[in-house]
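Given the structure is predicted, the values throughout are model-derived calculations rather than measurements.
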Amino acid sequence: MPSTTFYNLPAEKRERLLSAARAEFARAPYEDASVNRMIRAAGIPRGSFYMYFTDKEELFRFLMETYSGMLSDWMGAQLARNGGDLFAAFLALFDFIQANRESVPFQELAAILHRNRQMQPGLLLEGLRPGAVLERLRPQVDLSRLDLRAETDLADLFRLLAISTLSALTAGCAGGGQSDQREHLERVFSLLQRGAAAKPAPCCES
């Protein structure tokens, strides 16, 4: 997390640095993103940067956590609209992001996802803190729609759905075709819902 010094900065100066960071992570993949470019764009000394953040990784994680908060709000709205149906809500979240992809927050997130599309979706997802998102949204999930048999089933399912949705969004940003990705996401969700194991044949009645 950023230092107290960062939070004590005037809001305009904080946003200037974060805006420069978002632009840089959208310009280049994480490993190639330059702190020097960020501080030049933000107009702050290099030494000041390290008073705010330990390193580039901490800054990237902070930005992803910021997006996590936005995604949590958007996902909460979709759960409310879909009666707590987790599968329907994730599909609706995909559609919502696509419908609003021209707005600034979506463009920034899409650009960062696109630049980092070679990163494993699971690694990107960790920055978005799915566990914290689920804890906030758990009361909105209709558990009666799910066949949960272990304490960790909901968290594991949420993670699988989030990774699938993030992968579809990332592939779409890379030119994979939004409608094709939507159809693929529906197929993946359908597979998860029905299960892939062969069902035992019913016993014959005597």
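- Here the side chains of R187 and L191 are not in contact, with every heavy-atom distance at 4.5 Å or above.
- The shortest side-chain heavy-atom distance between L192 and L160 falls under the 4.5 Å cut-off.
- Cluster membership check: F106 does not share its hydrophobic cluster with V104, using side-chain heavy-atom separations under 4.5 Å among Ile, Leu, Val, Met, Phe, Trp and Tyr.
- The shortest heavy-atom contact between D147 and D153 is O-OD2, 4.5 Å.
- E65 has no carboxylate O lying under 4.0 Å from a charged side-chain N of R61, or vice versa, which leaves the two without a salt bridge.
- Distance check, rounded to the nearest 0.5 Å: CG of L91 to CG of N82 gives 9.0 Å.
- A 4.5 Å side-chain heavy-atom check between L17 and F53 finds at least one atom pair inside the cut-off.
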### Query
After noting the C-alpha distance and the side-chain angles of Q181 and Q98, does the key distance pass the side chain to side chain contact (heavy atoms under 4.5 Å, CB included) rule?
CA-CA 11 Å; Q181 293 308 316; Q98 295 312 313; over 6 Å; no

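- Without hydrogens or angle criteria, S190 side chain to E186 main chain gives no donor-acceptor distance under 3.5 Å.
- At a threshold of 4.5 Å between non-hydrogen side-chain atoms, the residues L59 and M38 count as touching.
- Other residues, nucleotides and ligands contribute only 12 or fewer heavy atoms inside 6.0 Å of the CD atom of E151.
- Using a 4.5 Å heavy-atom cutoff, the side chains of Y52 and I44 are in contact.
- Between P105 and Y67, the shortest heavy-atom contact is O-CE2, 4.0 Å.
- Taking CG of D95 as the start and CD of Q78 as the end, the distance is 8.5 Å to the nearest 0.5 Å.
- Interatomic distance, L185 CG to T165 OG1, rounded to the nearest 0.5 Å: 4.5 Å.
- Using a 4.5 Å heavy-atom threshold, the side chains of Y30 and E57 count as touching.
- The minimum heavy-atom distance between A89 and L79, with the atom names listed, is CB-CD2, 3.6 Å.
- Between R115 and E24 no salt bridge is recorded (no basic side-chain N to carboxylate O distance below 4.0 Å).
- Within a 6.0 Å radius of CE in M51, other residues, nucleotides and ligands contribute 12 heavy atoms or fewer.
- When every heavy atom of P45 is checked against every heavy atom of I39, the shortest pair comes out as C-CD1, 4.4 Å.
- Of the possible polar contacts, none joining the Q140 side chain to the G84 backbone as a donor-acceptor pair under 3.5 Å is found.
- One distance of note links CZ of R159 with CG of L134; it measures 12.0 Å at 0.5 Å rounding.
- Note that the CZ atom of R22 and the CD atom of E15 stand 4.5 Å from one another [nearest 0.5 Å].
- If you take CG on L18 and OG1 on T66, they are separated by 7.0 Å, rounding to the nearest 0.5 Å.
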### Evaluation steps, side chain to side chain contact (heavy atoms under 4.5 Å, CB included), between L157 and F87
CA-CA 10 Å; L157 177 61; F87 286 89; 4.0 Å; yes

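- Of all the heavy atoms in R136 and D73, the pair that sits closest is NH2-OD1, 2.5 Å.
- Taking all atoms of both residues into account, the shortest heavy-atom contact from S68 to V133 is OG-CG2, 3.3 Å.
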